[in-house]
Asker: 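Take this structure, written in structure tokens, and hold onto it; I'll ask about it next.
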Amino acid sequence: MLINRRALLALAASSLFAVSAQAQDWKAKYPELVFATIPAENAAQVTERFGDFAAYLSREIGVPVKLRVVGDYAAVIEGQRAGQIHFAYYGPASYARARMIGVKTSPFAIEVSKGGVKGYYSVFYVKADSPYKSLADLKGKNLGLVDPNSTSGNNVPRFVMNGMNIKPETHFGKVVYTGSHVNAVMALNQGTVDVAANWWNNENDSELIRMSDKGMVKKDDFRIIFKSDQIVNSPMAYLDSLPPELKKRIEQAFLNAPQKDKAAFDKLSDGKMDSFQPVTHEAYLPIIELNKFVDSLRKK
């Protein structure tokens, strides 16, 4: 009986060792992970906002996580398609675009704003002292959009303008892609454009508010002339090809961030985000339909 007991203990130990070794095998294949984010801000601002969080992810996941700062939204999509970006912070439309072109990536966490809100809005800003009350008033003026793959900075604006029977390329004197939400606000502030699209969570949280808090612009110099229906919040998405154990570690690192490293987590949103929560692809099916609709407008 003693021999049998020893044999069982040895077998159990061997099995546990095998499971543990198998769980760690991914580290040999992935000695470093690449995390990228859409350039909602300029490169230096993205690095400042996400740098500490990448360091936190490195500690939690167990291998170095390199933050990749990209030049445009498409670079995140193409980076994942090439397998060079392991997980990424997407906008809803850029994630939907990735899936539409066959990128094998899946969302695992969604941003949740204060109060448990999982959505945000697209708005059109004008200067507060301008005479414009609506988009119709801006005929012949210049429109600032963000990026062709931006949800609040392009796709939703084009959707709502279509509903107003406004064709941007003929209604406005010029349509300018500014490259980031920050640039869109700055273009409006400097008079390069007369109206600009941007994201807006609530009266206390928007790109404009964050820029105003940093002294980049004055929030009272701008006013909103249109606000969209609510849009589902941005997802984090990892490559489907990653090992299950690694996916689990990435997921847990994001979900536990407010407790494990509150300072790094708060830096992502200037303390205006509540948490990350699990999410699935189904949440973004309406965004895929939105993308298809905007694509159809370009063909007309």
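Index from 1, following the sequence.
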Asker: List the atom of Trp26, the atom of Leu246, and the distance in Å for their closest heavy-atom pair.
Answerer: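 Looking at all heavy atoms of both residues, the closest pair is CZ3-CD1, 3.6 Å.
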Asker: Start with the C-alpha distance between Trp199 and Thr151, add both sets of side-chain angles, then the distance that settles side-chain contact (heavy atoms from CB on, under 4.5 Å), and finish with yes or no.
Answerer: CA-CA 9 Å; Trp199 68 266; Thr151 316; over 6 Å; no
Asker: Restricting to non-hydrogen atoms, name the atom on Ser234 and the atom on Pro92 that form the minimum distance, rounded to 0.1 Å.
Answerer: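 Looks like OG-CD, 3.6 Å.
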Asker: When you compare the side chains of Arg158 and Asn154, does any donor N or O come within less than 3.5 Å of an acceptor on the partner?
Answerer: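 Yes, side-chain donor-acceptor contact under 3.5 Å.
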Asker: For the side chain of Ser152 and the backbone of Tyr121, is there at least one donor-acceptor N/O pair under 3.5 Å apart?
Answerer: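 Not at all, since once roles are kept as given, no pair shorter than 3.5 Å links the two residues.
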Asker: Report the residues that fulfil side chain to side chain donor-acceptor pair (under 3.5 Å) with Asp261, sequence neighbours left out, ordered by chain and then residue number.
Answerer: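 Asp261: side chain to side chain donor-acceptor pair (under 3.5 Å) contacts with Arg59.
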Asker: For Asp52, give me all partners under side chain to side chain donor-acceptor pair (under 3.5 Å), at least two apart in sequence or on another chain.
Answerer: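 Scan of Asp52 (side chain to side chain donor-acceptor pair (under 3.5 Å), adjacent residues dropped) gives Lys267.
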Asker: Report yes or no: does Asp72 contribute a side-chain atom to a donor-acceptor pair with the main-chain N or O of Ala74 at less than 3.5 Å?
Answerer: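 Here the side-chain-to-backbone pair exists.
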Asker: Can you sort out the partners of Phe226 under ring-ring contact (aromatic ring centres under 6.0 Å, His included), two or more places apart, ordered by chain and number?
Answerer: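 Partners of Phe226 under the ring-ring contact (aromatic ring centres under 6.0 Å, His included) test: none.
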Asker: Report the distance from atom OH of Tyr125 to atom CG of Leu208, rounding to the nearest 0.5 Å.
Answerer: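 Here the rounded value is 4.5 Å.
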Asker: Start with the C-alpha distance between Met164 and His171, add both sets of side-chain angles, then the distance that settles side-chain contact (heavy atoms from CB on, under 4.5 Å), and finish with yes or no.
Answerer: CA-CA 11 Å; Met164 298 174 182; His171 181 78; over 6 Å; no
Asker: For the backbone of Arg99 and the side chain of His281, can you confirm whether one donor and one acceptor N or O come within less than 3.5 Å of each other?
Answerer: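 Between the backbone of Arg99 and the side chain of His281 there is no qualifying donor-acceptor contact (under 3.5 Å).
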Asker: Could you report the tightest heavy-atom contact between Ser134 and Ile225, atom names first, then the distance?
Answerer: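 So the minimum-distance heavy-atom pair works out to C-CD1, 3.8 Å.
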Asker: The criterion is side chain to side chain donor-acceptor pair (under 3.5 Å); which residues satisfy it with Ser130, sequence neighbours excluded?
Answerer: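 Ser130: side chain to side chain donor-acceptor pair (under 3.5 Å) contacts with Arg223.
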Asker: Could you pull out all residues at least two apart from Phe172 that satisfy ring-ring contact (aromatic ring centres under 6.0 Å, His included)?
Answerer: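 Partners of Phe172 by the ring-ring contact (aromatic ring centres under 6.0 Å, His included) criterion come out as none, since no residue qualifies.
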Asker: Report the distance from atom CD of Gln84 to atom CZ of Arg68, rounding to the nearest 0.5 Å.
Answerer: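 If we round to the nearest 0.5 Å, Gln84:CD and Arg68:CZ are 5.5 Å apart.
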Asker: Check Val70 against Thr37 and note the closest heavy-atom contact, atom names and distance.
Answerer: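 Smallest interatomic distance, heavy atoms only, reads CG2-O, 3.5 Å.
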Asker: Quick test of your reading of the model: are Lys292 and Glu289 salt-bridged, counting only N-O distances below 4.0 Å?
Answerer: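 The answer is yes: the pair qualifies as a salt bridge.
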Asker: Give a yes or no on whether the backbone of Ala36 and the side-chain of Lys66 come within a donor-acceptor separation of less than 3.5 Å.
Answerer: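 Answer holds: no.
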Asker: Checking Asp266 now: which residues fulfil side chain to side chain donor-acceptor pair (under 3.5 Å) with it, not counting sequence neighbours?
Answerer: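 With neighbours one apart ignored, the set is Lys262.
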Asker: Show which side-chain atoms of residues 112-119 pair as donor or acceptor with protein atoms under 3.5 Å away, not counting sequence neighbours.
Answerer:
unit_1	atom_1	unit_2	atom_2	d
Lys118	NZ	Gln277	OE1	3.0

Asker: Assess whether a salt bridge exists between Glu245 and Arg249, defined as any Lys/Arg side-chain N lying under 4.0 Å from an Asp/Glu carboxylate O.
Answerer: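 Arg249 and Glu245: salt-bridged.
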Asker: Of Tyr89, Phe254, Tyr95, which is the lone residue that meets ring pair (Phe, Tyr, Trp, His ring centres under 6.0 Å) with Phe108?
Answerer: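 For Phe108, the ring pair (Phe, Tyr, Trp, His ring centres under 6.0 Å) test succeeds with only one of Tyr89, Phe254, Tyr95, which is Phe254.
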Asker: Assert yes or no for the condition that the ring centre distance of Tyr56 to Phe53 is strictly below 6.0 Å.
Answerer: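 Yes.
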Asker: So, for Ala184 and Asn198, which heavy atoms are closest and what is the spacing to 0.1 Å?
Answerer: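 That closest heavy-atom pairing would be CB-ND2, 3.6 Å.
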Asker: Can a donor-acceptor pair be found, under 3.5 Å and without considering hydrogens, that links the side chain of Arg49 to the backbone of Leu268?
Answerer: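 At least one qualifying donor-acceptor pair exists.
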Asker: side-chain contact (heavy atoms from CB on, under 4.5 Å) between Met273 and Asn233: does it pass, once the steps are laid out?
Answerer: CA-CA 11 Å; Met273 186 164 60; Asn233 269 350; over 6 Å; no
Asker: How long is the straight-line distance from OG of Ser58 back to CZ of Phe35, given to the nearest 0.5 Å?
Answerer: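 If we round to the nearest 0.5 Å, Phe35:CZ and Ser58:OG are 11.0 Å apart.
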Asker: Do the side chain of Asn155 and the main chain of Asn291 share a donor and acceptor less than 3.5 angstrom apart?
Answerer: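 A pair under 3.5 Å: no.
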Asker: Pairs in or reaching into residues 210-221: which pass side-chain hydrogen bond (donor to acceptor under 3.5 Å, both in side chains), with residues at least two apart or in two chains?
Answerer: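 Qualifying pairs, neighbours excluded: Asp205-Arg210.
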Asker: For Tyr132, enumerate each residue passing the ring-ring contact (aromatic ring centres under 6.0 Å, His included) test, keeping only those at least two apart in sequence or located in another chain.
Answerer: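 Not a single residue meets the ring-ring contact (aromatic ring centres under 6.0 Å, His included) criterion with Tyr132.
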Asker: Can you name the ring-ring contact (aromatic ring centres under 6.0 Å, His included) partners of Phe124, sequence neighbours left out?
Answerer: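 In terms of ring-ring contact (aromatic ring centres under 6.0 Å, His included), with neighbours along the sequence ignored, Phe124 is linked to no residue.
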Asker: Could you tell me which non-hydrogen atom of Leu135 sits nearest to which non-hydrogen atom of Ile166, and how far apart they are?
Answerer: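 Taking every non-hydrogen atom into account, CB-CD1, 3.8 Å.
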Asker: Glu111 and Tyr120: side-chain donor and acceptor closer than 3.5 Å?
Answerer: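 No, no side-chain donor-acceptor pair sits under 3.5 Å.
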Asker: Can you list everything that forms a side-chain contact (heavy atoms from CB on, under 4.5 Å) with Val176? Sequence neighbours excluded, please.
Answerer: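 In terms of side-chain contact (heavy atoms from CB on, under 4.5 Å), with neighbours along the sequence ignored, Val176 is linked to Lys174, Thr178, Val193.
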Asker: Under the side-chain contact (heavy atoms from CB on, under 4.5 Å) test, which residues partner Thr280, sequence neighbours left out?
Answerer: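 For Thr280, the residues satisfying side-chain contact (heavy atoms from CB on, under 4.5 Å) (neighbours in sequence not counted) are Glu282.
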